[in-house]
Colleague: 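Below you will find the structure I want to go over with you.
Throughout, a chain's letter reflects where its sequence line sits, starting with A, and its residues are numbered from 1.
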2 protein chains.
Amino acid sequence: MLLFLSTFQNKVDKKGRVSVPATFRAALAPQSFPGIIAFRSFTSACIEGCGMDFMENLSSRTDQFDLFSAEQDDFTSLIFADARQLAWDPEGRIGLPEDLTAHAGITDTAAFVGKGRTFQIWNPEAYRAASEEARQRALRTRLTLPAQRPEGGPA
Amino acid sequence: MLLFLSTFQNKVDKKGRVSVPATFRAALAPQSFPGIIAFRSFTSACIEGCGMDFMENLSSRTDQFDLFSAEQDDFTSLIFADARQLAWDPEGRIGLPEDLTAHAGITDTAAFVGKGRTFQIWNPEAYRAASEEARQRALRTRLTLPAQRPEGGPA
DNA sequence: GAGATTATGGGATATCATGGGAAAATATGG
DNA sequence: CCATATTTTCCCATGATATCCCATAATCTC
């Protein structure tokens, strides 16, 4: 199972810990780092989550900018500087740092939302509202996906 | 765990020592040299930090310049001549040389900023201002990453 | 319905950041 | 070449934090 699917609501205990859904952990099992990478979304009031491989992939892509260029610098500031490695304990829980929960408005419950290669962590009510809006928007504009790009080709 | 992620603020004691974040030390653990490489940034008021492997990679890149050319000469002066090996003590602390702290305006607190393959060391307030600017710039210009390269990267 | 897996709670333990003193290494001066 | 001063490195102590471990309840699977 390589994709993050479905939505799970788990409790945040008084220590700030929350269980990562078992299916998400299974999706991350092949990774080198036993946990998740999390950073503040810069478009929504939520936390972005992914595996270390996703960050490695991002790093490779930023290598396409010239080293020490302004673009490379801005991008790495935005993502890598803000990202946090959250290792899970033997029971599969992570501790959510205060600045992340503050950004997402999370207090006693967290919603893990599958997004395919990544996932998000929301305040449950905030997510309900945001997802309903997204659904309305999709119906209004007849949202479509671009056709798949041909794989491979000259490097 | 090959990437430098997140931002950490550590104190500089009266001896000029500061703890390298444990996760950064872990990322540098495979290296032969038990410490970091540091040199003055020539784009910002901060200290650039990395491992020896990255310096070797830089050396390869300077090979793109003609040997003994002005560019090659400038680049190697800016980086290699200025770089210093800072070994950490048994507790994971390094001593920051005065010329580096002066360049970054660091006095009693240092911010270690993850940048992927490298990291930076800032005066905390200076970094807050610079990162906020970078964030605004990135959002304004809708900075995006080039599409994934056909080869390499996780599936 | 039985066994296994998962989510949750709380106490014990280890790790990390930090401070200060002792010992060693280096530099300075006669 | 030795004595002294200065710097650097090492060692130990401490508080705060994060991690581990065990126990229990809810859920899922077969």
Colleague: Could you check how far CG of B:N10 sits from C1' of C:dG19, rounded to whole Å?
Modeller: 14 Å
Colleague: Closest nucleotide of DNA chain C for B:D13 versus for A:V20: which of these residues is on the 5' side?
Modeller: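 This one resolves to A:V20.
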Colleague: Could you check whether A:S19 and A:K11, counting side-chain N and O atoms only, form a donor-acceptor pair closer than 3.5 Å?
Modeller: no
Colleague: Atom CG of A:D82 and atom CZ of A:F42: how far apart are they, to the nearest 0.5 Å?
Modeller: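 The CZ atom of A:F42 is 9.5 Å from CG of A:D82, to the nearest 0.5 Å.
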Colleague: Is there a side-chain contact between B:I121 and B:V113, using heavy atoms and a 4.5 Å cut-off?
Modeller: no
Colleague: Please confirm whether the ring centroid of A:F119 lies under 6.0 Å from the ring centroid of A:F24.
Modeller: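 Ring centres of A:F24 and A:F119 closer than 6.0 Å.
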Colleague: Hey, what are the protein-to-nucleotides 26-30 of chain D N/O distances that come in under 3.5 Å?
Modeller:
none

Colleague: Over how many whole Å does the gap from B:K11 atom NZ to C:dG20 atom P extend?
Modeller: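 Value for this atom pair: 10 Å.
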Colleague: In this structure, is the centre-to-centre distance between the rings of A:F8 and A:F112 below 6.0 Å?
Modeller: no
Colleague: Would you mind reading off the distance between A:D108 atom CG and C:dG9 atom C1', rounded to a whole angstrom?
Modeller: 15 Å
Colleague: Over how many whole Å does the gap from B:L96 atom CG to C:dT18 atom C1' extend?
Modeller: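 Value for this atom pair: 15 Å.
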Colleague: Roughly, in whole Å, what's the span from CZ in B:F24 to P in C:dT15?
Modeller: 21 Å
Colleague: Can you confirm whether B:R25 sits close enough to B:I36 that some side-chain heavy atom of one is under 4.5 Å from a side-chain heavy atom of the other?
Modeller: no
Colleague: Kindly determine whether A:L5 and A:T23 satisfy side chain to side chain contact (heavy atoms under 4.5 Å, CB included), including the steps that lead there.
Modeller: CA-CA 8 Å; A:L5 300 176; A:T23 58; over 6 Å; no
Colleague: Less than 4.5 Å apart, side chain to side chain, heavy atoms only: is that true for A:M52 and A:Q85?
Modeller: yes
Colleague: For A:E98 and D:dA16, give me the distance from atom CD to atom C1', rounded to whole Å.
Modeller: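 It is 17 Å, rounded to the nearest whole Å.
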Colleague: If you restrict it to nitrogen or oxygen atoms, what contacts under 3.5 Å exist between nucleotides 5-11 of chain D and the protein, and what is each distance?
Modeller:
{"residue": "D:dT9", "atom": "O4", "partner": "B:K15", "partner atom": "NZ", "Å": "3.4"}
{"residue": "D:dC10", "atom": "N4", "partner": "B:R17", "partner atom": "NH1", "Å": "3.0"}
{"residue": "D:dC11", "atom": "N4", "partner": "B:E91", "partner atom": "OE1", "Å": "3.3"}
{"residue": "D:dC11", "atom": "N4", "partner": "B:R93", "partner atom": "NH2", "Å": "3.3"}

Colleague: Could you check how far CG of A:L86 sits from C1' of D:dA18, rounded to whole Å?
Modeller: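 After rounding, the reported distance stands at 12 Å.
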Colleague: Under 3.5 Å, is there a donor-acceptor pair between the B:R117 and A:S59 side chains?
Modeller: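 Yes, A:S59 and B:R117 have a side-chain donor paired with an acceptor closer than 3.5 Å.
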